[in-house]
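Contents: one structure, followed by commentary.
Just so you know, ligand 1 is whichever comes first in the structure, and atom 1 is the first atom listed for that ligand. Note that the structure is a prediction, hence the values are computed from the model and not measured.
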Amino acid sequence: MSAPIPTTLDLPDEAATIAAALRLAPVLTVGDVIALSGPLGAGKTSFARALIQARAGAAIEVPSPTFTLVQTYELETGTVWHVDLYRLSGVGDITELGLDEAFATAITLIEWPERLGAHLPEDALSIRFETAGAGRIAHIASGSRPWTW
Ligand SMILES: Nc1ncnc2c1ncn2[C@@H]1O[C@H](COP(=O)(O)OP(=O)(O)OP(=O)(O)O)[C@@H](O)[C@H]1O
Ligand SMILES: [Mg+2]
């Protein structure tokens, strides 16, 4: 049975972030875009890593794409792009990254999605991590279509 994804999630520790990623992982299909925002160290990569490992069915290495901007994973369950736009130098780079291909053929996880401005697909699921004491709170917005998990 699937349920609407809640608009806020309490994530008191990293295990809770990983549990949320494990819950979202199996419902994703090609064309889905997940925008992961929040300040440096908020847990965006932790969430993406757990999600990718869940879809891989193994604890594969998932490095932060801070310097490469994009890491792609050709998995049996479909292709996943893990994108980190923190170091994106200009809007011109967006087309060079080939994100349009990702949006059409892959599941796309994007850290620092605000760098895309209007290039972020409007049906993306937005998850914004906020620090709350030693833990985090995730604020979730569904965009132009409903999301369930
Ligand atoms: N819910 C949580 N509560 C407490 N710590 C957490 C939680 N989720 C993740 N962390 C911790 O936050 C730290 C930073 O995580 P991570 O590298 O994923 O951040 P990030 O948002 O990707 O940062 P950057 O913007 O630099 O890419 C890690 O040490 C991780 O263990
Ligand atoms: Mg990161």
CG of L85 to NE2 of H119, rounded to nearest 0.5 Å, is 11.5 Å
| request: Look only at the side chain of K44 and the backbone of F129, and say whether a donor-acceptor pair between them is shorter than 3.5 Å. | output: no
task = May I ask you to decide if I60's main-chain N or O and Q53's side chain share a donor-acceptor pair within less than 3.5 Å?
result = yes
CG (L22) and CG (L51) are apart, to the nearest 0.5 Å, by 8.0 Å
OG1 (T79) and CZ (R55) are apart, to the nearest 0.5 Å, by 10.0 Å
A correct count of protein N/O/S atoms found below 2.8 Å of the Mg ion (ligand 2) gives 2
Sorted by chain and residue number, the residues with a non-hydrogen atom under 4.0 Å of ligand 1 are L11, P12, D13, E14, T17, P39, L40, G41, A42, G43, K44, T45, S46, D84, E111, W112, A134, G135, R136
>> Applying a strict under-4.5 Å side-chain criterion to I, L, V, M, F, W and Y, I'd like to know whether L116 and L36 cluster together.
In response: no
Practice task
Please answer whether the main-chain N or O of T17 pairs with a side-chain N or O of R136 as donor and acceptor at a distance below 3.5 Å.
Solution key: no
Passes side chain to side chain contact (heavy atoms under 4.5 Å, CB included), I140 versus L9? Steps please. CA-CA 8 Å; I140 304 172; L9 271 182; 3.9 Å; yes
(Q) Between T66 and D84, is the side-chain hydrogen bond (donor to acceptor under 3.5 Å, both in side chains) condition met? List the steps. (A) CA-CA 5 Å; T66 305; D84 184 334; 3.2 Å; yes
